[in-house]
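To start, the structure itself, in structure tokens.
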Amino acid sequence: MIEHRPYHQLGGADEGWLKTKHHFSFAGYHDPDRMHWGNLRVWNDDEIASGTGFPPHPHADMEIITYVRDGAITHKDSLGNEGRTEAGDVQVMSAGSGIRHAEYNLEPGPTRIFQIWIVPTRRGGSPAWGSQPFPKGDRSGRFVTLASGFDEDGDALPIRADARVLGATLRAGESADYALGAERHGYLVPATGAVEVNGTRIEARDGAAIADADVVRVMAIEDSELVLVDTP
């Protein structure tokens with residue numbers, strides 16, 4: 001089953017400094033039919049103006065993954081962590097028992113990100129943050145695990161959830177498969193391009209909510225950059 005969620009039908013807001021679209025209910029957007037997809041709670045498509053960002057604010061009991069599409073995001077938190085994550089790279093914040101953080105665009109142009117929240121397996125625990133480069137060339141023609149709660153995914157950023165966040169880049173005409181499993185939930189968004197997901201056309205920044213699928217087969221109609229979340 002593939003539920004196509006076109007970008008233009010997503011909720012969202014334009015705050016001037018922030019242009020955002022919400023794949024699930026968030027902030028001022030509420031849709032009782034789009035509260036979550038499995039343990040995936042938030043997928044926000046954000047454009048942050050230069051010299052602006054999210055001032056310090058708290059989180060707890062959530063795995064927050066930031067996929068940078070353009071520009072870079074600069075992170076600071078109450079643990080003393082500071083870091084800059086640029087386009088194509090990923091940062092993970094495990095909020096655990098509680099953390100305060102700020103995310104700023106200190107670049108000369110806009111920064112565009114996917115912000116993904118996944119419900120953790122357990123509440124509490126010490127908060128943590130990490131960032132890691134994932135060269136797009138390494139993902140050419142295949143899915144690569146970017147963040148994972150599974151021990152076997154040792155090269156990925158760790159999260160405290162029974163979940164994976166994966167990325168792929170496909171040239172037009174290429175395809176890639178991912179063994180999801182019929183009992184799992186998948187959510188796929190092309191950052192760029194256009195693809196067919198198990199035969200359903202999905203345009204750039206549309207969402208594809210996937211269920212009851214042993215295998216997710218993605219065929220690129222155009223050169224495409226993809227992000228996929230796999231959760232229970």
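- Remark: the backbone N or O of G80 is paired with a side-chain donor or acceptor of D77 at under 3.5 angstrom.
- How far CD of E15 is from OG1 of T52: 11.0 Å, rounded to the nearest 0.5 Å.
- By the 6.0 Å contact criterion, CG on D151 is open, its count of non-hydrogen atoms from other residues, nucleotides or ligands being 12 or less.
- Here CG of D155 is found 8.5 Å from CG of D153. Values are rounded to the nearest 0.5 Å.
- Contact check for Y67 versus D89: no side-chain heavy atoms found under the 4.5 Å cut-off.
- For F24 and W117, the ring centers sit 6.0 Å or farther from each other.
- Separation of atoms CD (E196) and CZ (R201) is listed at 7.5 Å; rounding is to 0.5 Å.
- Between L188 and I210 there is a side-chain heavy-atom pair separated by less than 4.5 Å.
- The hydrophobic clustering, which links ILVMFWY residues whose side-chain heavy atoms are closer than 4.5 Å, places L228 and V144 apart.
- When side chains are defined from C-beta on, V229 counts as touching I116, because their heavy atoms get closer than 4.5 Å.
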Just do the side-chain contact (heavy atoms from CB on, under 4.5 Å) check on F114 and N44 with the steps written out, would you? CA-CA 6 Å; F114 289 149; N44 289 345; over 6 Å; no
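- Pairing each heavy atom of P55 with each of H57, the nearest pair is O-ND1, 2.7 Å.
- A donor-acceptor pair under 3.5 Å is absent between the side-chain atoms of N198 and the main chain of V216, judged by distance alone.
- Residues V218 and L170 are in side-chain contact: their nearest non-hydrogen atoms beyond the backbone lie under 4.5 Å apart.
- Here the closest heavy-atom approach between residue P56 and residue R100 is recorded as O-NH2, 3.2 Å.
- In terms of modelled atom types and a separation under 3.5 Å, the side chain of T85 and the main chain of V90 share no donor-acceptor contact.
- By the 6.0 Å and 45° rule, R139 does not stack over the aromatic ring of F134.
- Between the N105 side chain and the A49 main chain, a donor and an acceptor come within less than 3.5 Å of each other.
- Y7 carries K21 over the face of its six-membered ring, with the cationic atom under 6.0 Å from the centre and within 45° of the normal.
- In summary, the side chains of T20 and D46 do present a donor paired with an acceptor at a separation below 3.5 Å, with no hydrogens or angles considered.
- Side-chain contact between H36 and I118 is absent, with no heavy-atom pair separated by less than 4.5 Å.
- No donor-acceptor pair closer than 3.5 Å links the side chain of T74 to the backbone N or O of R84.
- At least one side-chain heavy atom of L79 sits under 4.5 Å from a side-chain heavy atom of P127.
- The shortest non-hydrogen separation linking P158 to S94 is O-OG, 4.5 Å.
- When each of M93, E103, Q91 is paired with I64, the side-chain contact (heavy atoms from CB on, under 4.5 Å) condition holds for M93 and for no other.
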Stepwise, does the salt bridge (Lys or Arg N to Asp or Glu O under 4.0 Å) test hold for R184 with D212? CA-CA 7 Å; R184 306 280 293 182; D212 301 318; over 6 Å; no
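- When all heavy atoms are compared, the tightest approach of A161 to P120 is CB-CA, 4.2 Å.
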Pair T145-F150, side-chain contact (heavy atoms from CB on, under 4.5 Å): steps then yes or no: CA-CA 10 Å; T145 304; F150 298 101; over 6 Å; no
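- Under a hydrophobic-cluster definition in which Ile, Leu, Val, Met, Phe, Trp and Tyr are linked whenever side-chain heavy atoms come within less than 4.5 Å, directly or via other members, V92 and V189 are assigned to the same cluster.
- In this pair, H59 and H101 present their aromatic rings tilted. The plane angle is within the 30 to 60° band.
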Could you go step by step and tell me if R5 and E3 meet the salt bridge (Lys or Arg N to Asp or Glu O under 4.0 Å) rule? CA-CA 6 Å; R5 299 181 175 181; E3 181 188 339; 3.2 Å; yes
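- A donor-acceptor pair under 3.5 Å is absent between the side-chain atoms of R112 and the main chain of V68, judged by distance alone.
- Taking CG of L180 as the start and CG of D177 as the end, the distance is 12.0 Å to the nearest 0.5 Å.
- Defined by atom type and a distance below 3.5 Å, a donor-acceptor pair is missing between the side-chain atoms of W43 and Q115.
- Side-chain atoms of E63 do not come within 3.5 Å of backbone N or O of I159 as any donor-acceptor pair.
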Output, in order, the C-alpha distance, side-chain angles, deciding distance and verdict of side-chain contact (heavy atoms from CB on, under 4.5 Å) for V165 and V227. CA-CA 7 Å; V165 180; V227 181; 4.1 Å; yes
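- Note: Y187 and H23 have perpendicular aromatic rings, judged against thresholds of 30 and 60 degrees for the angle between ring planes.
- Taking every heavy atom of both residues into account, G53 and Y104 meet most closely at CA-CD2, 3.8 Å.
- Atom CG in D214 sits 12.5 Å away from atom OH in Y178 (nearest 0.5 Å).
- Counting only heavy atoms from C-beta outward, the side chains of Q132 and L157 approach each other to under 4.5 Å.
- Residues passing the side chain to side chain donor-acceptor pair (under 3.5 Å) test with E174: none are found, sequence neighbours excluded.
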Does V197 form a side-chain contact (heavy atoms from CB on, under 4.5 Å) with R217? I'd like the steps, not just the answer. CA-CA 6 Å; V197 182; R217 173 158 294 174; over 6 Å; no
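- The side-chain heavy atoms of P190 and I202, taken from C-beta on, include a pair separated by under 4.5 Å.
- Side-chain atoms of S148 never come within 3.5 Å of backbone atoms of R164 as a donor-acceptor pair (strictly under, hydrogens ignored).
- Smallest separation of non-hydrogen atoms from A72 and T111: O-OG1, 2.8 Å.
- Distance alone, capped at 3.5 Å, is enough to place a donor-acceptor pair between the R142 side chain and the D138 backbone.
- Proximity of a side-chain donor or acceptor of S97 to a complementary backbone N or O of G124 within less than 3.5 Å is not detected.
- Side-chain polar atoms of T231 and N39 form no donor-acceptor pair below 3.5 angstrom.
- Under the 4.5 Å side-chain heavy-atom criterion for grouping Ile, Leu, Val, Met, Phe, Trp and Tyr, M35 is not connected to M1 through any hydrophobic cluster.
- Note that OG of S224 is 11.5 Å distant from CZ of R171, once rounded to the nearest 0.5 Å.
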